[in-house]
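We number each residue from 1, following the sequence as shown.
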Amino acid sequence: MVRTGAAGTRRADARQNADKIVDAAIDCLGRKPAASMVDIAQAAGVGRVTLYGHFSSREAVVEAALARVIERGQGTLDGLDGLDASDSDSEGDPREVLRRLIESSWMLIAQASGVLEAAQATLSPQRIHDLHAAPERRVLALIERGQEQGVFRDDLPAAWLSNALHHVLKGAAADVNGGRLDPEQAPRFITGIVLAAAAPQAEAAPRAAVAPQAAAAPRPGSTPAAPQPEPTGTHSRRTS
């Protein structure tokens, strides 16, 4: 019984150390995407032996950090009414759901931007895509539902609007991290830009191009005057 308890304690300690390492990696990579294994070990408060005992390479740590961030994002999505994981999601105004999604997740995106940058420099594009697939499908389904209901524009692909949302979130995160944007104002700014960009576009007849000499154009119904030939000898009569 004592041995079993000791083994259980060691397993609990190992899990705790692994969690500390992953959380430290998220923090370090969020601030400096090129953070080293030494940086991560110091932030986690563990030695290199313990770090490499859980993760054999920096690539493994980066992947674990990205997976943890995405897992947290999934938890945020799970908590939003109208953004259900099932294909039968059909409740809630898509605009309001998108607004609440931005307000609840932008800070997570801000934290994840550095982790994603590190992942893009370390992991394969296919692996990153696989990790992001589930949350991306849910956001894409929300936008498609908004297009079907006529509250989001349908002249652009839903996938493009989803990517635009991601880029705006990432840009806002960079501005917050760089001190160029107040974190308290970020959700309002992001929401304003994204909802305006996704709003249905009013159909308007294209305006005719205005010629530079429009003032000299003939009046409607009049016959344009034929160009008059220059009088013979004009050049010879001009003075210098």
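When every heavy atom of A158 is checked against every heavy atom of E144, the shortest pair comes out as CB-CG, 3.5 Å. Nearest approach of R72 to I26, heavy atoms of both residues: NH1-CD1, 3.8 Å. In plain terms, the two heavy atoms of A44 and K20 that are nearest each other are O-CE, 3.2 Å. The minimum heavy-atom distance linking F152 with L142 is given by the pair CE1-O, 4.2 Å. Heavy-atom minimum distance, T122 versus A118: OG1-O, 2.8 Å. Here the closest non-hydrogen pair linking A43 and C28 is CB-SG, 3.4 Å.
Within the 4.5 Å cutoff, no side-chain heavy atoms of V194 are placed close to those of R99. Residues L161 and R153 form a side-chain contact, since some pair of their non-hydrogen atoms from C-beta on lies under 4.5 Å apart. When side chains are defined from C-beta on, M37 counts as touching Y52, because their heavy atoms get closer than 4.5 Å. A heavy-atom distance below 4.5 Å is not found between the side chains of F189 and V168. Between V22 and F55, the closest side-chain pair of non-hydrogen atoms falls below 4.5 Å. Taking 4.5 Å as the limit, some side-chain heavy atom of H166 sits within range of a side-chain heavy atom of L116.
The pair E103-R100 does not meet the salt-bridge criterion, since no charged nitrogen lies less than 4.0 angstrom from a carboxylate oxygen. Using a cutoff of 4.0 Å between basic side-chain nitrogens and carboxylate oxygens, R68 and D27 are not scored as salt-bridged.
The closest donor-acceptor contact from the side chain of H132 to the backbone of I128 lies under 3.5 Å.
Rounding to the nearest 0.5 Å places OG of S124 at 8.5 Å from CD of E63. Note that CG of L98 and CZ of R145 are 10.5 Å apart. Values are rounded to the nearest 0.5 Å. Annotation: the span from R58 atom CZ to I40 atom CD1 amounts to 6.0 Å, rounded to 0.5 Å. We find the CD1-CG distance between I143 and L156 to be 11.0 Å, quoted to the nearest 0.5 Å. Here L51 contributes atom CG and Q42 contributes atom CD; the two are 11.0 Å apart, rounded to the nearest 0.5 Å. Atom OG1 of T191 sits about 4.0 Å away from atom CD1 of I102, to the nearest 0.5 Å.
The cluster map of Ile, Leu, Val, Met, Phe, Trp and Tyr, joined by side-chain heavy atoms under 4.5 Å apart, puts W160 and V139 in the same cluster. Cluster annotation: L140 and I70 are assigned to distinct hydrophobic clusters (Ile/Leu/Val/Met/Phe/Trp/Tyr, side-chain heavy-atom contacts under 4.5 Å, transitive).
Partner of H54 under the side chain to side chain contact (heavy atoms under 4.5 Å, CB included) criterion, chosen from I21, D19, V61: I21.
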